[in-house]
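Read through the structure below, which is laid out as structure tokens, and then see the notes.
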Amino acid sequence: MANAPALTMTADTQPRAAAPRDLPGYRAMWVGICLEFVEFAVFFVVYFTARWHHPQEFRDGAHRLWTWGGVGITVAMVTSGWLLTRMLAAMRDGRRRAAMACLALALLAGLAYPALKVFEWQWNLAHGLTAGAGIFVVVYWYLTINHFIHASWGLMGMAWCLARFGAGAYGADEHRGLVALATYWHATDLVWLMLFALFYAFA
């Protein structure tokens with residue numbers, strides 16, 4: 001019986017470790033998102049501390065707010081985030097014009113947020129929900145205004161990316177700026193869903 005050929009291990013047959021995948025978008029944006037989450041973690045500590053000491057006021061608080069305003073903002077945020085996911089899918093498929101249209105619609109849907117928020121502020125003032133209206137209202141203003149600031153940055157980012165789109169930036173092979181934008185908006189969206197639950201829905 002002939003001897004079986006010897007098996008040799010060459011460099012090509014050695015198992016290779018998978019190359020580490022980089023974070024989607026830009027690392028600087030992920031640093032910003034982590035800082036945003038840390039910031040709101042502190043805010044939620046403030047919320048639950050205040051609720052611990054004033055449980056009845058927080059249980060009654062949701063009934064004092066303009067619930068439909070909160071619902072409208074939630075729809076605007078989620079719709080805008082969904083359109084950003086469609087934008088990225090179109091970019092990956094090389095459908096640049098469709099991606100640009102999705103970004104424009106995402107910005108348009110997102111702009112409903114500040115419009116509703118300004119109207120809600122006016123409604124609150126008309127119904128006496130000012131800084132002197134109790135601890136629930138104070139914490140509500142504190143957290144939602146901070147979120148409004150973060151969402152405004154996201155809207156400005158959409159406007160900037162849309163302008164760059166018009167200038168010929170981004171393509172199927174390089175659109176990390178769009179990925180970073182969508183990631184930031186989804187993070188801000190997630191924070192809003194938590195705020196909606198704590199203030200409008202389950203307080």
Side-chain angles (χ1 to χ4, degrees), residues 21-41 43 65-123 143-201:
R21 296 184 62 185
D22 200 3
L23 290 171
Y26 294 104
R27 291 186 180 183
M29 180 60 75
W30 281 99
V31 172
I33 290 171
C34 289
L35 291 175
E36 178 184 1
F37 284 159
V38 169
E39 178 185 8
F40 275 95
F43 292 160
L65 300 179
W66 183 39
T67 305
W68 286 110
V71 171
I73 291 171
T74 303
V75 172
M77 293 285 294
V78 172
T79 301
S80 184
W82 177 78
L83 286 166
L84 290 178
T85 64
R86 303 314 306 157
M87 171 197 70
L88 294 180
M91 284 302 298
R92 286 192 294 268
D93 294 340
R95 295 181 291 115
R96 193 171 180 280
R97 183 173 296 181
M100 188 174 179
C102 286
L103 177 56
L105 290 173
L107 176 59
L108 185 63
L111 287 173
Y113 173 24
L116 285 167
K117 203 63 184 171
V118 169
F119 189 84
E120 182 185 29
W121 288 340
Q122 295 174 343
W123 188 94
L143 269 70
T144 55
I145 288 177
N146 273 281
H147 181 269
F148 178 83
I149 294 171
H150 285 272
S152 296
W153 293 339
L155 292 171
M156 288 188 287
M158 289 187 206
W160 170 251
C161 289
L162 190 59
R164 294 202 67 213
F165 240 128
Y170 309 124
D173 297 328
E174 176 50 55
H175 53 274
R176 287 184 298 167
L178 299 178
V179 175
L181 168 68
T183 304
Y184 176 81
W185 188 258
H186 292 324
T188 308
D189 204 355
L190 177 62
V191 172
W192 172 257
L193 292 175
M194 296 173 68
L195 294 177
F196 178 78
L198 292 175
F199 286 109
Y200 297 87

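Scope of the values below: all heavy atoms of this structure, side chains included, with no hydrogens, waters or symmetry mates. As the structure is a computational prediction, the values presented were derived from the model and not from experiment.
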When rounded to the nearest 0.5 Å, the distance separating CG of Leu155 from CG of Leu108 is 11.0 Å
Ignoring hydrogens, what is the shortest heavy-atom contact between Ile145 and Trp121? Give both atom names and the distance.
CG1-CZ2, 4.3 Å
Gap separating the OG1 atom of Thr183 from the CZ atom of Arg176, nearest 0.5 angstrom
12.5 Å
Looking at every heavy atom in both Gly157 and Leu181, which two are closest together, and how far apart are they?
C-CD1, 3.8 Å
When you measure from the side chain of Ser80 to the backbone N and O of Ala76, does any donor-acceptor pair fall under 3.5 Å?
no
Quick one: side-chain hydrogen bond (donor to acceptor under 3.5 Å, both in side chains) partners of Thr74, sequence neighbours excluded?
Trp192
Above 12 or not: heavy atoms from other molecules or residues under 6.0 Å from CZ of Phe119?
no
Name of the residue among Met158, Met156, Arg164 meeting side chain to side chain contact (heavy atoms under 4.5 Å, CB included) with Trp160:
Arg164
According to side chain to side chain contact (heavy atoms under 4.5 Å, CB included), who are the partners of Leu83, at least two apart in sequence or on a separate chain?
Thr79, Leu105, Ala106, Ala109
Worked verdict on Ile73 versus Phe196 for side chain to side chain contact (heavy atoms under 4.5 Å, CB included)
CA-CA 9 Å; Ile73 291 171; Phe196 178 78; over 6 Å; no
Determine which pairs satisfy side-chain hydrogen bond (donor to acceptor under 3.5 Å, both in side chains) with at least one residue from residues 82-96, sequence neighbours left out, and list them in order.
none
Which residues pass the side-chain hydrogen bond (donor to acceptor under 3.5 Å, both in side chains) test with Glu39, sequence neighbours left out?
His150
Which residues share a side chain to side chain contact (heavy atoms under 4.5 Å, CB included) with Ala104, sequence neighbours left out
Leu162
Mind jotting down which residue pairs meet the salt bridge (Lys or Arg N to Asp or Glu O under 4.0 Å) criterion with at least one end in residues 98-119? Sequence neighbours excluded, please.
Lys117-Glu120
Please find the pair of heavy atoms, one from Leu107 and one from Ala159, that lie closest to each other, and give the distance.
CD2-CA, 4.1 Å
What pair of heavy atoms forms the shortest contact from Asp189 to Val78, and how long is it?
OD2-CA, 3.5 Å
Any heavy-atom pair between the side chains of Tyr200 and Val71 that's under 4.5 Å?
no
Heavy-atom neighbours of Trp68 CH2 exceed 12 at 6.0 Å:
no
According to salt bridge (Lys or Arg N to Asp or Glu O under 4.0 Å), does anything in residues 67-83 pair up with another residue at least two apart or in another chain? List the pairs.
none
Separation of Tyr184 OH from Glu36 CD (nearest 0.5 Å):
5.0 Å
Could you list the residues that satisfy side-chain hydrogen bond (donor to acceptor under 3.5 Å, both in side chains) with His147, not counting sequence neighbours?
Tyr113
Once you round to the nearest 0.5 Å, how far does OH of Tyr170 lie from CG of Leu103?
8.5 Å
Minimum-distance pair of heavy atoms, taken over all atoms of Phe165 and Ala99
CZ-CB, 4.0 Å
Suppose we screen for ring-ring contact (aromatic ring centres under 6.0 Å, His included). Which residues come up paired with Phe43, at least two apart in sequence or across chains?
Phe40, Tyr142
Contact check, side chains of Thr188 and Met77, non-hydrogen atoms, under 4.5 Å:
yes
Minimum heavy-atom distance between Trp66 and Leu116, given as atom pair plus value
CZ3-O, 4.1 Å
